[in-house]
Amino acid sequence: MKKFAALILAAVCILSLAACSAKPEKEICIWMHDLKAEDITSALAWSWDGENDVQNYLTQEETARLVSLLNKLTDDSFTENSECVGGTPEYGIVLEIDGEYFCINQSIAPPGALETEYGDKLWWIDNDELTSFVKSVCEVTD
């Protein structure tokens, strides 16, 4: 009887650990979770209004704030743009991380004010705080 109880307890522990380590539903969050400011080689904010081209590297403080905002995003913040609806963005941020580039750009289509590409898919990002931050560092005024 003790062996059976121990076996049941072991099975419950294994299943609990498996549930805790399950991947997020949307793999888009993977590159953003547990990101640290020091992981970012460069962060370039840019904007283009048809006449003016603005490009500024984020300060350490701005980069830390961006990382904080990205780490707070959840699966619910993302919607796959499976039909590639959109247009040419007028502003965004380009991050270099371990020699790879990740862009967070303006989106002209709902359900997100921002968009990014990850895993050969386009994703809308719906997060007002991140959107406000991106607009501010890109010097975009509404």
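Sequence positions, counted from 1, serve as the residue numbers for this chain. Computed from heavy atoms alone, side chains included, the values below leave out hydrogens, waters and symmetry copies.
- Taken from OG1 in Thr41 to CD in Glu100, the straight-line distance is 10.5 Å, to the nearest 0.5 Å.
- The hydrophobic cluster containing Leu70 also contains Leu58, counting ILVMFWY residues as joined when their side-chain heavy atoms lie under 4.5 angstrom apart, directly or transitively.
- Taking a 4.5 Å side-chain heavy-atom cut-off between Ile, Leu, Val, Met, Phe, Trp and Tyr, the cluster of Leu44 extends to Tyr57.
- No donor-acceptor pair closer than 3.5 Å links the side chain of Ser77 to the backbone N or O of Leu73.
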Donor-acceptor pairs under 3.5 angstrom involving side-chain atoms of residues 127-138: please list them, not counting sequence neighbours.
{"unit_1": "Asn127", "atom_1": "OD1", "unit_2": "Glu129", "atom_2": "N", "d": "3.2"}
{"unit_1": "Asn127", "atom_1": "OD1", "unit_2": "Leu130", "atom_2": "N", "d": "2.8"}
{"unit_1": "Glu129", "atom_1": "OE2", "unit_2": "Arg65", "atom_2": "NH2", "d": "2.5"}
{"unit_1": "Thr131", "atom_1": "OG1", "unit_2": "Asn127", "atom_2": "O", "d": "2.9"}
{"unit_1": "Ser132", "atom_1": "OG", "unit_2": "Asp128", "atom_2": "O", "d": "3.1"}
{"unit_1": "Lys135", "atom_1": "NZ", "unit_2": "Asp142", "atom_2": "OD1", "d": "3.1"}
{"unit_1": "Lys135", "atom_1": "NZ", "unit_2": "Asp142", "atom_2": "OD2", "d": "3.2"}
{"unit_1": "Ser136", "atom_1": "OG", "unit_2": "Phe133", "atom_2": "O", "d": "2.8"}

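- A 4.5 Å side-chain heavy-atom check between Glu115 and Ile125 finds every atom pair outside the cut-off.
- Applying the ring pair (Phe, Tyr, Trp, His ring centres under 6.0 Å) definition to pairs two or more places apart or across chains, those involving residues 88-110 are Trp31-Phe102.
- Partners of Glu139 by side chain to side chain donor-acceptor pair (under 3.5 Å), not counting sequence neighbours, listed by chain and number: Asn56.
- A donor-acceptor contact shorter than 3.5 Å links the side chain of Asn71 to the backbone of Asp34.
- The salt bridge (Lys or Arg N to Asp or Glu O under 4.0 Å) analysis of residues 36-63, with sequence neighbours excluded, yields no pairs.
- If you check the side chains of Ser107 and Trp124, you find a donor sitting under 3.5 Å from an acceptor.
- Taking 4.5 Å as the limit, some side-chain heavy atom of Leu66 sits within range of a side-chain heavy atom of Ile93.
- Evaluation of the salt bridge (Lys or Arg N to Asp or Glu O under 4.0 Å) test over residues 85-99, restricted to residues two or more places apart or in two chains, returns none.
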